[in-house]
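The block underneath contains the structure these notes are about, expressed in structure tokens.
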Amino acid sequence: MFTGLVEELGTVKSVERRGDSLALVVSCRTVLGGTRIGDSIAVNGVCLTVTGIGPDYFRADIMPETLRKTSLAEAMPGNRVNLERPLSLGGRLGGHLVSGHIDAVGVIKRKTHEGNAIVLEIASPAELKGYVVPKGSVAVDGVSLTVVSRTAGGFVVSLISHTAKATTLGSKIPGDRVNLEADMIAKYVAMLLQQYSAPIKGNPAGDGDDGGTRGIDVEFLSEHGFSSGR
């Protein structure tokens, strides 16, 4: 589990392609502290398992599914990447809960400046739209950001100067691809709503006995111990 607060900018040292998979070696310093083989490190928001460690680098093997679902398939030596170690229990949760499991790859559509901020408009797949809400959280290349607004084809985020300098997002330009992870809580809530709103096999009438098509309403909440406080 991560927070979306980038600890260090690493550099891709080498990329070894092996058919449909690859091995990635990343030069870094900070994230090596306390890290052992088998631990996880988020690379541009993607949770990877460390398979090798050196004095100034770590190695991670990337499987085909990860390459299909993220922008790491495009990694090249010299690329800068956002790095974060997992959250420690008892540590501060300065961003939001980030799993490192990417939902989709978006594209930077527009980049503008507003005062001391950099504003990015990001195009994202339609299936992500329901999980992205204004003033909610989203992880972009592993960076925890607040959604400014939604657009017809995606959403808008704003970067303070520190975020722009401390992550790869400040150097992104229109056309660049970025890894997107929607808020974990939003995804669970949406799944539960769909579960209670979708027809259940064996209960086509949707009478509510086993979920059915009744949905979650005031009556449902009352039956399950929730009170309006009136």
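Pairs of residues two or more places apart, or lying in two chains, that qualify as salt bridge (charged side-chain N to carboxylate O under 4.0 Å, His left out) and include a residue from residues 181-194 are D103-K187. Pairs passing the salt bridge (charged side-chain N to carboxylate O under 4.0 Å, His left out) check and including a residue from residues 35-55, sequence neighbours excluded, do not occur. Each salt bridge (charged side-chain N to carboxylate O under 4.0 Å, His left out) pair with one or both residues in residues 114-136, not counting sequence neighbours, appears once here: K109-E121, R110-E121.
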- Task: Determine, stepwise, if the pair V178 / V107 fulfils side chain to side chain contact (heavy atoms under 4.5 Å, CB included).
- Result: CA-CA 6 Å; V178 289; V107 178; over 6 Å; no
- Item | Test log, rule side chain to side chain contact (heavy atoms under 4.5 Å, CB included), inputs T35 and I53 | CA-CA 8 Å; T35 297; I53 296 178; 4.1 Å; yes
- Message: If you apply the rule side chain to side chain contact (heavy atoms under 4.5 Å, CB included), what do you find for H96 with I185, and how did you get there?
- Response: CA-CA 10 Å; H96 71 285; I185 296 175; over 6 Å; no
- Item | Residues L180, F155; criterion side chain to side chain contact (heavy atoms under 4.5 Å, CB included); working and verdict | CA-CA 11 Å; L180 304 177; F155 59 91; 4.0 Å; yes
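By the side chain to side chain donor-acceptor pair (under 3.5 Å) test, S149 is found to be paired with no residue, residues two or more places apart in sequence or in another chain being considered. The salt bridge (charged side-chain N to carboxylate O under 4.0 Å, His left out) test applied to E16 returns R18, R59, not counting sequence neighbours. Residues satisfying the side chain to side chain donor-acceptor pair (under 3.5 Å) test with N44, not counting sequence neighbours, are none. For T3, the side chain to side chain donor-acceptor pair (under 3.5 Å) test picks out E84, with sequence neighbours left out. Partners of R17 according to the side chain to side chain donor-acceptor pair (under 3.5 Å) rule, which considers only residues two or more places apart in sequence or in another chain, do not exist here. Among residues two or more places apart in sequence or in another chain, the salt bridge (charged side-chain N to carboxylate O under 4.0 Å, His left out) test is passed with K111 by none.
P77 and V15 make their closest contact through CD-CG2, 4.1 Å (heavy atoms, listed as atom of the first residue, atom of the second, distance). Residue L32 comes nearest to P55 through the heavy atom pair CD1-O, 3.7 Å, listed as atom of the first residue, atom of the second, then distance. The heavy-atom pair separating E7 from V31 by the smallest distance is OE1-CG1, 4.0 Å.
The hydrophobic cluster containing V43 also contains I37, counting ILVMFWY residues as joined when their side-chain heavy atoms lie under 4.5 angstrom apart, directly or transitively. A continuous path of hydrophobic side-chain contacts links V12 to F58 [ILVMFWY only; heavy atoms under 4.5 Å].
One finds the CG atom of L22 at 4.5 Å from the CD1 atom of I62 (value rounded to the nearest 0.5 Å). Distance CD1/I118 to OG/S161: 7.0 Å, rounded to 0.5 Å. With rounding to the nearest 0.5 angstrom, the CG atom of D61 is 7.5 Å from the OG atom of S21. One distance of note links CG of L169 with CG of L120; it measures 6.5 Å at 0.5 Å rounding. The CG atom of L83 sits 10.5 Å away from atom CZ of F2, with the distance rounded to the nearest 0.5 Å. Distance check: N116 CG to H162 NE2 gives 13.5 Å after rounding to the nearest 0.5 Å.
Here the side chain of R80 pairs no donor or acceptor atom with the backbone of S171 at under 3.5 angstrom. Looking at N82, its side chain does come within 3.5 Å of a backbone N or O of T168 through a donor-acceptor pair. Checking side-chain atoms of T163 against main-chain N and O of L159 turns up no donor-acceptor pair under 3.5 Å. D56 places no side-chain N or O within 3.5 Å of a backbone atom of C28 that could act as its donor or acceptor partner.
Side-chain contact between I122 and V156 is absent, with no heavy atoms from C-beta onward closer than 4.5 Å. At least one side-chain heavy atom of S99 sits under 4.5 Å from a side-chain heavy atom of M184. Residues V138 and V157 are in side-chain contact: their nearest non-hydrogen atoms beyond the backbone lie under 4.5 Å apart. Between I41 and L48, the closest side-chain pair of non-hydrogen atoms is not below 4.5 Å. The side-chain heavy atoms of V119 and H113, taken from C-beta on, include no pair separated by under 4.5 Å. Side-chain contact between V26 and Y57 is absent, with no heavy-atom pair separated by less than 4.5 Å.
When hydrophobic side chains of Ile, Leu, Val, Met, Phe, Trp and Tyr are connected at separations under 4.5 Å, M63 ends up as a singleton with no cluster partners. Membership of an apolar cluster is not assigned to V133, as no side-chain contact below 4.5 Å to another ILVMFWY residue is traced.
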Mind listing the side-chain donor-acceptor pairs of residues 68-75 below 3.5 Å, one per line with the distance, residues two or more places apart or on another chain?
residue, atom, partner, partner atom, Å
R68, NE, E65, OE1, 3.3
R68, NH2, E65, OE1, 2.8
K69, NZ, E65, OE2, 2.9
T70, OG1, T66, O, 2.8
T70, OG1, L72, N, 3.2
S71, OG, N179, OD1, 3.3
S71, OG, N179, ND2, 3.3
E74, OE2, R177, NE, 2.4
E74, OE2, R177, NH2, 3.0

